[in-house]
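A short write-up of the structure that comes next.
Excluded from the calculations below are hydrogen atoms, water molecules and symmetry mates; all remaining heavy atoms, backbone and side chain alike, are included. Computed from a predicted structure; not experimentally measured.
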Amino acid sequence: KWGDPEVKITPPEFGKGSDNTICGKKKFTFSQRFDVSGSDLTITTTISQGNNQVVKKAMHSNGQMQDMLKKLQEGMAFVTGYWTAPDMNWMDGDSCGSGTEHCSEQPAYISNWRITTNDGPAPSPSPSPSPNPSPGPSPSPGPMTCGWCDSGACNQCHEEPGWCSQSESNCQLCGDKSKWCPKSTVTAGKESWDKLEKTAAKAEEKEEDAEEGHSKGREADE
């Protein structure tokens, strides 16, 4: 309140109405630049509106400014406030007079905040995390068939040709070892199935021959 240095912007530089360089009834831009040289701090305030600009190179270094610089270098949070009081003449009496002040208490809009470095490009904002891509559709397994699977794995199956491979529901009725599998994973069908059938037929013939031999042996004994 009673700090030093103190600089104010007064009419006709800034005020309510178009007869001022900056009209407080319209949008304007306010900025401050902090320059440090050793332990000295200088603050330059700029207010602009369109092509009009008011610059106050207000606060040159002194003991209070040096103390403020130390606090700034320790780290501070940027905070702004919006408030009113009837006894603000110490701050804006040059513009508003010495009487009791009144406020319309209407909203004030502050936007487009930026904190940048001096004499350099503004720091880039942290990139937003990339959204995880939506999983694509699962690849189609392709044509399906019914396999006869001793081990339970499709790549160990032999294709069952005919009625069993016409649909999954048919396959489920073709035995406990029947499994609905991608056609590309099972051993190709009819040739392998024919071999299995021939092998089974030979085994059955051997079993029948053996039984017939035992039967003849019993007849001879009798």
The reported gap from OG1 in Thr116 to CG in Asn118 (rounded to nearest 0.5 angstrom) is 6.5 Å

Check: Thr100 side chain, Pro86 main-chain N or O, donor-acceptor pair, under 3.5 Å | no

In this structure, CZ of Arg33 is separated from OG1 of Thr45 (nearest 0.5 Å) by 12.5 Å

For Trp113, the ring pair (Phe, Tyr, Trp, His ring centres under 6.0 Å) test, sequence neighbours excluded, returns Phe78

Distance col, row Glu13:CD vs Asn52:CG, nearest 0.5 angstrom, shows 12.0 Å

Shortest non-hydrogen pair, Glu101 vs Ala85, comes out as CB-O, 4.2 Å

Exercise for review: Say whether, by atom type as modelled, one donor and one acceptor occur between the side chain of Ser167 and the main chain of Asn170 under 3.5 angstrom.
Suggested key: yes

Output for pair (Thr29 OG1, Gln53 CD), nearest 0.5 Å, gives 10.0 Å

NZ (Lys177) and SG (Cys157) are apart, to the nearest 0.5 Å, by 10.5 Å

If you define the side chain from C-beta out and look only at heavy atoms, does anything of Phe14 sit under 4.5 Å from Asn20? no

Exercise for review: Could you check if a side-chain atom of Met144 sits within less than 4.5 angstrom of a side-chain atom of Lys183, using non-hydrogen atoms only?
Suggested key: no

Closest non-hydrogen contact found for Cys146 with Ser165 is N-OG, 3.2 Å

Is the side chain of Gln49 donor-acceptor paired with the backbone N or O of Lys27 at a distance under 3.5 Å, no angle test?
yes

Task: side chain to side chain contact (heavy atoms under 4.5 Å, CB included) between Thr46 and Val54, worked out - done: CA-CA 6 Å; Thr46 302; Val54 174; over 6 Å; no

### Query
For Lys16, does the NZ atom sit with more than 12 other heavy atoms under 6.0 Å from it, leaving out its own atoms?
no

*asked:* Applying a strict under-4.5 Å side-chain criterion to I, L, V, M, F, W and Y, I'd like to know whether Ile110 and Phe30 cluster together.
replied: no

Leu41 meets the side-chain contact (heavy atoms from CB on, under 4.5 Å) criterion, sequence neighbours left out, with Phe34, Val36, Ile43, Met65, Met68, Leu69, Leu72

What one should report as the nearest heavy-atom pair of Ser48 and Ile22 is C-CD1, 3.9 Å

SG of Cys149 to CH2 of Trp180, rounded to nearest 0.5 Å, is 12.0 Å

Residue set satisfying side-chain contact (heavy atoms from CB on, under 4.5 Å) with Cys154, at least two apart, ordered chain then number -> Lys179, Cys181, Pro182, Thr185

